[in-house]
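Worksheet for the structure shown next.
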There are 2 protein chains.
Amino acid sequence: MKATSRSTPLPWSGADLRSRERDWKRNAVILAAARAFATRGYHNTSLDDLAAALNVTKPTIYSYVDSKEELLFECFKHGVDQILAGFSEAETRGGNARERLMTVARHYAIAVTGDFGWCMVRLEEENLDKAMSAKIKTLKSDVDQGLRKLIRQGVADGSIRSCDPKMAAFALAGALNWIAHWHRANDALSPEEIAIRVLEIFELGLAPR
Amino acid sequence: MKATSRSTPLPWSGADLRSRERDWKRNAVILAAARAFATRGYHNTSLDDLAAALNVTKPTIYSYVDSKEELLFECFKHGVDQILAGFSEAETRGGNARERLMTVARHYAIAVTGDFGWCMVRLEEENLDKAMSAKIKTLKSDVDQGLRKLIRQGVADGSIRSCDPKMAAFALAGALNWIAHWHRANDALSPEEIAIRVLEIFELGLAPR
DNA sequence: GCCAAACTTTACTCATGAGTATATTACGCT
DNA sequence: AGCGTAATATACTCATGAGTAAAGTTTGGC
């Protein structure tokens with residue numbers, strides 16, 4: 001039997017290759033969308049604009065996503081996944097709860113300054129239909145609950161001063177999210193450095209020690 | 001000369017009254033816009049919707065503002081004015097720089113939970129033309145510089161731990177702005193109570209003392 | 001009571017942009 | 001070679017919503 005016949009399930013057989021290629025392109029569409037949304041805003045970005053940026057036409061985009069909303073949702077999802085990865089890493093790195101919280105926060109800061117940061121932070125649920133809005137709420141809540149849990153654990157293990165976990169989580173998330181508003185790609189400070197400085201303020205507080 | 005002739009500039013003469021009435025209505029339009037934008041988002045609020053909420057029609061709105069953008073700008077302005085008022089009050093109340101900063105922050109938190117909070121925090125400059133966008137930038141910068149100045153003064157007078165004023169101002173503003181995202185009018189905690197709790201975290205930090 | 005100004009409405013225009021039906025091209029497979 | 005499928009493009013439809021012109025309505029001043 002010839003090596004080129006269809007009975008040869010090569011790792012990169014035609015179908016497989018095509019499907020990888022497709023995923024790759026889909027991700028390119030999502031990334032371009034994230035950048036466009038961050039620059040001009042969701043409502044000010046038409047899919048024709050986006051298509052032009054990708055050197056394709058609108059129907060091509062519709063072959064990768066079902067709607068503009070889905071595009072926005074995917075951008076959001078990509079960003080949140082980075083944050084959720086921070087929780088996993090915090091578990092593997094270990095340390096007391098405050099240290100784990102800071103690991104998460106560092107990841108968070110980096111995610112927020114990345115390509116999907118804007119979509120994550122600025123996404124207004126009013127722009128999405130009920131079903132998607134609910135998904136977003138869940139994801140946001142997951143992150144929020146994760147932060148609160150770490151804070152509660154910190155209070156329990158003595159690594160965090162006794163405080164209201166809800167307020168502390170919101171304050172921290174707010175400060176971190178806000179980075180997306182003021183950070184520019186060519187800032188003097190790298191995302192890591194920004195994270196360190198912001199987190200120091202949270203650890204030590206403003207009052208002299 | 002008769003007392004009723006036009007030469008009598010009575011405190012509530014016709015013209016004066018009408019102009020007050022006009023200002024009152026204009027403010028009602030702006031307030032209704034702020035609420036509608038906060039609920040449904042700027043782009044999802046049509047001026048027909050807004051007009052309906054006010055029991056008038058679109059052209060009436062156009063007799064009070066020149067454009068939808070102007071409406072958004074006015075909402076922003078109203079909100080920022082409340083914050084700037086906080087700086088004045090901090091001056092009159094006095095105290096060390098950290099105390100003055102906390103006075104401003106308390107005002108800030110209350111402004112952000114108010115009717116114009118959403119517009120202040122979520123306003124995306126991409127929605128505005130160059131000229132207005134520049135005005136907004138200036139106002140935002142005024143607030144930011146005000147915060148930084150207080151922080152620098154605090155470091156100088158020893159009431160604030162030595163830190164990067166830019167980062168501290170952004171972290172504080174972020175935490176406060178974020179309140180607008182999660183606070184709901186019927187929250188268990190009043191804006192004042194929220195302000196106290198969030199500011200405590202900033203003063204004392206998360207690490208045990 | 002009548003006039004003029006301010007105010008408000010009815011009934012449009014017009015541009016934009018999401019989404020789609022249909023044609024065309026490219027490419028792997030036998 | 002040539003068939004079938006996936007990918008992309010052309011060329012629309014259609015709804016929405018900002019903004020406006022012109023006509024009606026109210027109100028205060030005489």
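Throughout, a chain's letter reflects where its sequence line sits, starting with A, and its residues are numbered from 1. Hydrogens, waters and symmetry mates are skipped; everything else that's a heavy atom, side chains included, is used.
- Taking a 4.0 Å limit (strictly below) on heavy-atom distances, residues 33-46 of chain A does not reach DNA chain D anywhere.
- Here dT8(C) presents its P atom at 14 Å from CZ of Arg26(B), a figure rounded to the nearest Å.
- At whole-Å resolution of the value, CG in Leu50(B) and C1' in dG19(D) are 14 Å apart.
- Asp129(B) pairs by the salt bridge (Lys or Arg N to Asp or Glu O under 4.0 Å) definition with nothing, not counting sequence neighbours.
- Atom CG of residue Leu150(B) and atom OG of residue Ser159(B) lie 9.5 Å apart, to the nearest 0.5 angstrom.
- Residues Val143(A) and Tyr108(A) have side chains in contact (heavy-atom distance under 4.5 Å, counting atoms from C-beta outward).
- Asn127(A) and His43(A) form a side-chain donor-acceptor contact under 3.5 Å, judged by distance and modelled atom types alone.
- When the C1' atom of dC7(C) is taken as reference, atom CD1 of Ile61(B) falls 14 Å away, rounded to whole Å.
- Between Val121(B) and Ala180(B) the shortest heavy-atom distance is CG2-CB, 4.0 Å.
- Atom CG of Asp23(A) is separated from atom P of dA6(D) by 15 Å (rounded to the nearest Å).
- Going from atom OH of Tyr62(A) over to atom C1' of dA7(D) covers 17 Å, rounded to whole Å.
- Asp48(A) places its CG atom 8 Å from the P atom of dG17(C), with the value rounded to the nearest Å.
- Relative to the ring axis of Phe76(B), Arg122(B) does not place its NZ or CZ within 45° and under 6.0 Å from the centre.
- Glu89(B) pairs by the salt bridge (Lys or Arg N to Asp or Glu O under 4.0 Å) definition with Arg93(B), not counting sequence neighbours.
- Side-chain atoms of Asp49(A) come within 3.5 Å of backbone N or O of Ser46(A) as a donor-acceptor pair.
- Seen from the ring of Phe73(B), Lys68(B) does not count as a face-on cation partner, given the 6.0 Å and 45° thresholds.
- For Asp81(A), the salt bridge (Lys or Arg N to Asp or Glu O under 4.0 Å) partners at least two apart in sequence or on another chain are Lys77(A).
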Between protein and nucleotides 8-13 of chain D, map the contacts as a letter string: B base, S sugar-phosphate only, - none, heavy atoms under 4.0 Å, written 5' to 3'. SBB---
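- Under the 3.5 Å distance criterion, the side-chain polar atoms of His183(B) are left unmatched by any main-chain donor or acceptor of Ile179(B).
- Within a heavy-atom distance below 4.0 Å of DNA chain D, the residues of residues 66-77 of chain B found are Ser67(B), Lys68(B).
- Rounded to whole angstrom, the span from the CG atom of Leu47(B) across to the C1' atom of dT8(C) amounts to 16 Å.
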